[in-house]
There are 2 protein chains.
Amino acid sequence: MTELSPTAHVILGMVSREPRSGYEIKSLVDNSTRFFWAASYGQIYPELKRLSEAGLVKGSDVPRGERKRTVYSITAKGMEALKGWLREAPATFEMREEGLLKLFFSGVLPPEEAAATLRAMREHRLGVAERLRSFEPEAMERAEGAEDGDPFPLMVLQSGIEFNEWFAEWCERMTDRLLGSPAPERSS
Amino acid sequence: MTELSPTAHVILGMVSREPRSGYEIKSLVDNSTRFFWAASYGQIYPELKRLSEAGLVKGSDVPRGERKRTVYSITAKGMEALKGWLREAPATFEMREEGLLKLFFSGVLPPEEAAATLRAMREHRLGVAERLRSFEPEAMERAEGAEDGDPFPLMVLQSGIEFNEWFAEWCERMTDRLLGSPAPERSS
DNA sequence: ACAGGCATGTAAATAGTTACATGATTCG
DNA sequence: CGAATCATGTAACTATTTACATGCCTGT
């Protein structure tokens, strides 16, 4: 059995609690893991086929009304693969943050133009934080319930909120530092 | 003129202050932008050739002792391209953080095993923070000098230090939350 | 009737890593 | 002398995005 691809792990995780269609997996990813692990249709559908052939998931036809639809559930073998992977130490840590890259080279521009980058970064991070916040109530519900509640999606969601808010605040601080504002009173 | 690749921008930025060889660009990237924007030889050398053909950089033979070596300097056209790009709002924000992904799915494991992921993540982040800190004195030197000092590499480096330390601390807090530690006294 | 969401997929292109190959020079 | 570092490059592979294609169903 060749090594599973990163996307394979995402899929296994996504179907580990309940069966889902490719379309559902994609929208789930977009509403949850997206900020630290994205996936596109171009990866999901072919990977579902591969996983199915390898016997790690199993597809069944479950039409929604008249519209046909295939949902995939995890097999015993798939669950073993998922757990095995979860037990290995994480090894991929990547970031592509164009704003920091631009900032890094901003010495060739006048400070006001570098500040514009910082402001754009801040706007973006505030927007993401807000978007993530909108998912919080739902994740909180999922976290409750002593027997079958799952606290991890909420935990991870909150890391995203905190990270984005930290980053936005950092941008603000750096804008001040760059444009030389008078040291502000600490509010709160 | 077709759109420049992401790596092209990295290269333009890296040669914008002084001429550098491909090898130097690579080690510079590894010691600076790497934590938010990596690049490999497999991208750098071919891209240098393309940029050279497009007239955005210019290569010259500058041997170091007897060892031959080509350094690339930015052209007027290249500088324009760099500045144009710097003035556009950043558009790429990506992360691949395997630890968060594992955590997200950790509901299928007993809590102690999820905590192991958090601990591994914390170790990793502390290590990165330490590594980044070791570059700080050098970046501080570069930042000084009213006339030609460049404060941006230091700024960006400090964002990395702060981010990694925040993340490590978050992992700690989540480990506590997960294993249900008694509310700790705030030290400091 | 039409917009928007549900649903599945593929082709082409882009991006990026890894491994390999080669060889010089420098330092201990 | 051997290891590390300087230096340049390529080939093969893996990963991922984007754009396209198709068509049904639901609500307004």
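Throughout, protein chains are lettered first and strands after them, A, B, ... in sequence-line order, and every chain is numbered starting at 1.
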Separation of atom CZ in A:R34 from atom P in D:dT17, rounded to whole Å: 10 Å
Any side-chain heavy-atom pair of B:L86 and A:T117 under 4.5 Å: no
Reading 5' to 3' through nucleotides 6-19 of chain C, protein heavy-atom contacts under 4.0 Å coded B for base, S for sugar-phosphate only, - for none: BBBBB----SSBB-
A:P19 side chain near A:Y72 side chain, heavy-atom distance below 4.5 Å: no
Donor-acceptor contact below 3.5 Å, side chain B:R69 vs main chain B:V62: yes
Rounded distance in Å - CZ (B:F93) to P (D:dT17): 15 Å
Between B:E162 and B:S159: side-chain donor-acceptor atoms closer than 3.5 Å: no
Single hit among B:F163, B:F167, B:W170 for ring-ring contact (aromatic ring centres under 6.0 Å, His included) with A:F163: B:F163
Nearest-Å distance for atom pair NZ/P, residues B:K26 and D:dT10: 17 Å
